[in-house]
Amino acid sequence: MVFQKPDGMCDGGDLDCGSGLLLIIKKSMDPLEPGQLLEVRSRERTVADDLPAWCRMVEHEFLGSEKHEQHTSYYVRKGGSSGSVEEDLEAARGYQWSVRVREGQGLSAKVFSRNHTLTAGQPAEFSPKVDAPSAIDYLLTSLGSCLVVGFKAHASKRQIVIDEMEFTIKGKLENILYHMELEDHGSPKVEEITGVFYVTSPNDESDLEDVWRTTIERSPIYQTLLPSVSINLKFQVVL
């Protein structure tokens, strides 16, 4: 099937319909007149099923898709109205995340986050083997996963191909002995976080560095920690 030239285009990269793609689509659809055509580019396979269902729900016309080497283009004709995009954006700005934490066996806690249950160990356990990750481990995990997944999402929206990524992170407390009540001076706070972010890609190194800068500038976890923790992260392209 040959599609007419679209009146607008948006690129969702690897985002699925439940993690921000629909907001991108609605923002791109908003300036269009009813009957005009929007091209939605995506590399996420679940969009093939979810986007037509969403179109039926909001009364847009899903015309079909076209596969390309790096992405699939989906074509949507704007219907009457899909609601105010400003209302959706305001709802996204005001969204609050929540978890529920209960005591577990021994010195552990059970964490309930949406449809997942996690086990957390002691706040700052530093034994080589533990029954569950410590709170410090989860803090580093939060930063690491935020940057790895964030980098992948920003790269995909720019049609940048990532072959492999690996991020190693280390964290240091100012004085863990204060936390353990073995000393009465200092602070138990995280003093320093260091790490190396490795990436392999056929794209230009300058393009990858631009994605890295965007990733840390727009990372909720990195920007939250930055004012109070010394963060020294190195970005390295592996050739």
Side-chain angles (χ1 to χ4, degrees), residues 11-16 18-24 27 43-44 89-99 101 109 111 113-114 116 118 120-126 130 132-176 179 186-201 203-238:
D11 194 327
D14 291 315
L15 293 176
D16 60 28
S19 57
L21 176 59
L22 294 183
L23 279 177
I24 294 174
K27 191 171 183 180
R43 302 198 312 199
E44 167 57 42
L89 293 174
E90 189 60 35
R93 292 187 194 102
Y95 184 83
Q96 290 187 326
W97 281 259
S98 65
V99 297
V101 184
V111 182
S113 175
R114 286 183 259 192
H116 295 278
L118 312 174
Q122 297 186 48
E125 174 66 65
F126 52 83
V130 293
S134 70
I136 299 298
D137 294 323
Y138 277 118
L139 177 67
L140 297 178
T141 298
S142 179
L143 174 62
S145 60
C146 186
L147 295 181
V148 167
V149 178
F151 187 92
K152 184 177 181 181
H154 292 303
S156 70
K157 286 189 283 187
R158 292 160 176 79
Q159 300 299 314
I160 291 177
V161 177
I162 303 300
D163 293 330
E164 289 186 87
M165 280 188 293
E166 184 170 322
F167 192 14
T168 59
I169 317 174
K170 295 182 179 180
K172 180 181 179 297
L173 303 187
E174 182 179 308
N175 187 2
I176 191 173
H179 160 70
S187 169
K189 70 178 183 179
V190 176
E191 181 179 49
E192 181 183 34
I193 294 176
T194 59
V196 183
F197 192 106
Y198 300 96
V199 60
T200 304
S201 169
N203 289 83
D204 291 340
E205 187 169 344
S206 60
D207 293 335
L208 297 169
E209 289 174 345
D210 286 341
V211 174
W212 174 245
R213 283 191 288 269
T214 299
T215 301
I216 60 176
E217 286 172 1
R218 295 177 180 269
S219 163
I221 307 303
Y222 180 93
Q223 293 299 330
T224 298
L225 293 173
L226 188 60
S228 58
V229 179
S230 173
I231 304 178
N232 182 15
L233 304 179
K234 295 181 181 179
F235 180 76
Q236 185 167 327
V237 178
V238 180

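Position 1 is the first residue of the sequence, and the numbers go up from there.
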With rounding to the nearest 0.5 angstrom, report the [atom1] to [atom2] distance, [X] to [Y].
| X | Y | atom1 | atom2 | value |
| --- | --- | --- | --- | --- |
| Q236 | W212 | CD | CH2 | 12.0 Å |
| I231 | L143 | CD1 | CG | 6.0 Å |
| I160 | N203 | CD1 | CG | 5.0 Å |

Between D207 and R158, is a side-chain contact (heavy atoms from CB on, under 4.5 Å) present by the stated rule, with each step listed? CA-CA 9 Å; D207 293 335; R158 292 160 176 79; over 6 Å; no
Closest non-hydrogen atom pair between [X] and [Y], with its separation:
| X | Y | value |
| --- | --- | --- |
| H179 | P188 | CB-CB, 3.8 Å |
| M165 | V148 | CE-O, 3.6 Å |
| R43 | S156 | NH2-CB, 3.2 Å |
| I169 | L140 | CD1-O, 3.5 Å |

Note: E191-K172 ion pair, threshold 4.0 Å (strictly below):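 The answer is yes: the pair qualifies as a salt bridge.
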Just by modelled atom types, is the [Y] backbone N or O under 3.5 Å from a matching donor or acceptor in the [X] side chain?
| X | Y | value |
| --- | --- | --- |
| D204 | S206 | no |
| T215 | V211 | yes |
| E174 | S187 | yes |

Which residue in the set Y222, F235, F197 passes ring-ring contact (aromatic ring centres under 6.0 Å, His included) when paired with F167?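 Testing F167 for a ring-ring contact (aromatic ring centres under 6.0 Å, His included) against Y222, F235, F197 leaves exactly one candidate, F197.
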